[in-house]
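What follows is one structure encoded as structure tokens, with my remarks underneath.
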Amino acid sequence: MEKKHNKIDRRSFLKMLGMGGAAALAACAGKKTTDTAADDYKNQVEPPVGKMTYRTNPTTGDKVSLLGYGMMRLPMIEGTEDFDQEMINRQVDYALEHGVNYFDTSPVYCRGLSERCTGIALARHKDKRKDFFVATKLSNFSPDFQSAEGAKKMYHDSMSELQVDYIDYYLLHAIGGSMEEYDKRYVDNGIMDFLMAEREAGRIRNLGFSFHGRQDVFDEVLAMHDKYHWDFVQIELNWLDWNYANEINDGNVDASYLYAELQKKGIPAVIMEPLLGGRLANVPQYVVSELKQREPEKSIASWAFRYAGTPDGVLTVLSGMTFMEHLKDNLLSYCPLTPLTEEEQQLLDTKIAHQMMEEEFIPCNACQYCMPCPYGIDIPAIFTHYNKMKTEGRLPSDKGSAEYRHQRREYLISLDRAIERERQPDHCIKCGRCISEKHCPQNIRIPAELDRINKFIEELKRDA
């Protein structure tokens, strides 16, 4: 029988988002799922005030907190689609009190509401405006914002939403797909000339770009440093991406290369995805045992934050801190930073990274760029559920094992609890919109991965 597929618009998608999408975001923001990880938060101590580690921007002399607040995964009011502005305010206040002074957002984060929420929280501290740094992006992925008028409107709207008259750190958002795309978004429409003029006028204090994509594009845009004088560059850096980004996803660039190239030009690095979408906070048990044996009092996530913050050329490390527990734990890692020893770095980016690379994960960080799916499929939640079951060793694989029937049943039941039936991968018709009209920073072949998981699910059902 032919399946009926009903397209939905963005408004309908937002109404459907509910707990499935929220659960995916929470998990990928670092929400703990094992008993050991839960104990990390339960035993948490209060981070000290006045101990934050700072780095100096060589271009402007800005003294930037090593922990940056990524406003991408904001807390929501339970059971609603609304962001919890009261909690956002509380967490921003707590962050400022403990020395965090870098806040990173975008016009496309949090269903387009992140800048507004961030602006409301920070506007309450206008008397201390020079004490913190606001970062946002020209996220002109849509053709509507690729004209000169459209891009300038996005820029000015950001100022309005953030309630500021200058932006401290402004980024070209997610370059790396191709030079043709780069030229279309920033050069052919004259926007680079406009942004440089805005920097000259002081309305942009630092101009840079965030990178996801191909090495040749990175090299070519970085080579424009003589012309544009990039003040900073935002890259993905963690102990899996350091040597294995290309193996995680063909076409990505190892963080070791990106960082080294920035160092050659003296350009400070802003770090995103230190937890690789939460995966490095929810690691397999053998990794937990290894790390807890060395530092029983520290969280698993703290290893990833110390790793990302150790290189001297790192200006700040961004974290999307959905819950107060996340914020406190990350503050403990950077108030102050205890840099990793060379031996600890080797342990993470060679031994443990190599072990984890033998596992097959989907490199989704729940950024939601692929959403909404016109057929209602909850793409990030599907990938998050699969990765979670694999990380915890509960993915049914060996039909001959004693655990197979139990794991098979557990997988199917947990899938239905996490994701509504009509939003599961069997509803994908491979229209390709998630990769043709959207930009996946991890270059995931989304329809192919959904098809693989769907076949896996169907096989589990046949084995009933």
What's the spacing between [X] [atom1] and [Y] [atom2] if we round to 0.5 Å?
{"X": "Asn238", "Y": "Leu280", "atom1": "CG", "atom2": "CG", "answer": "5.0 Å"}
{"X": "Glu180", "Y": "Lys184", "atom1": "CD", "atom2": "NZ", "answer": "11.0 Å"}
{"X": "Leu337", "Y": "Ser302", "atom1": "CG", "atom2": "OG", "answer": "11.0 Å"}
{"X": "Leu222", "Y": "Gln215", "atom1": "CG", "atom2": "CD", "answer": "11.0 Å"}
{"X": "Gln146", "Y": "Arg185", "atom1": "CD", "atom2": "CZ", "answer": "7.0 Å"}
{"X": "Glu295", "Y": "Leu291", "atom1": "CD", "atom2": "CG", "answer": "9.5 Å"}

All N/O donor-acceptor pairs, side-chain side in residues 148-155, below 3.5 Å, sequence neighbours left out:
from   : atom 1 : to     : atom 2 : distance (Å)
Lys153 : NZ     : Asp157 : OD2    : 2.7
Tyr155 : OH     : Glu198 : OE1    : 2.7

* **Pairing residues for Tyr334 by the ring pair (Phe, Tyr, Trp, His ring centres under 6.0 Å) criterion, not counting sequence neighbours** => none

* Should Phe218 and Phe211 be marked as a ring pair (Phe, Tyr, Trp, His ring centres under 6.0 Å) after you check the CA-CA gap, both sets of side-chain angles, and the distance that decides it? -> CA-CA 7 Å; Phe218 177 83; Phe211 173 77; 5.0 Å; yes

With a cut-off of 3.5 Å and sequence neighbours excluded, list every side-chain donor-acceptor pair involving residues 167-175.
from   : atom 1 : to     : atom 2 : distance (Å)
Asp168 : OD1    : Arg205 : NH1    : 3.2
Asp168 : OD2    : Arg129 : NH1    : 3.0
Asp168 : OD2    : Arg129 : NH2    : 2.9
Asp168 : OD2    : Val134 : N      : 2.8
Tyr169 : OH     : Asn57  : ND2    : 3.0
Tyr169 : OH     : Asp62  : OD2    : 2.7
His173 : ND1    : Ser139 : OG     : 2.7
His173 : NE2    : Tyr369 : OH     : 2.9

* Under the side-chain hydrogen bond (donor to acceptor under 3.5 Å, both in side chains) criterion, do Thr136 and Glu115 qualify, and how do the steps go? -> CA-CA 8 Å; Thr136 193; Glu115 287 185 327; 2.6 Å; yes

* **Trp242 and Tyr259 aromatic ring geometry - parallel, tilted or perpendicular at 30°/60° bounds** => tilted

* Could you label the plane-to-plane angle of the His354 and Tyr244 rings as parallel, tilted or perpendicular, counting under 30° as parallel and over 60° as perpendicular? => tilted

I'd like to know if [X] and [Y] make a salt bridge, using a cut-off of under 4.0 Å between side-chain N and carboxylate O.
{"X": "Asp451", "Y": "Lys430", "result": "yes"}
{"X": "Glu449", "Y": "Arg452", "result": "yes"}
{"X": "Glu344", "Y": "Arg306", "result": "yes"}

* Structure fact -> Applying salt bridge (charged side-chain N to carboxylate O under 4.0 Å, His left out) to Asp93 and not counting sequence neighbours gives Arg124

* To do: Quick one: list whatever passes salt bridge (charged side-chain N to carboxylate O under 4.0 Å, His left out) with Glu200, sequence neighbours left out.
  => none

* Test item: Leu237 and Leu258 side chains (from C-beta on) under 4.5 Å apart, heavy atoms -> no

* Asked: Which is it for Arg90 and Glu97 under the salt bridge (charged side-chain N to carboxylate O under 4.0 Å, His left out) test, yes or no, and what are the steps along the way?
  -> CA-CA 10 Å; Arg90 284 178 57 196; Glu97 178 188 356; over 6 Å; no

* Asked: Under the side chain to side chain contact (heavy atoms under 4.5 Å, CB included) test, which residues partner Lys63, sequence neighbours left out?
  -> Tyr54

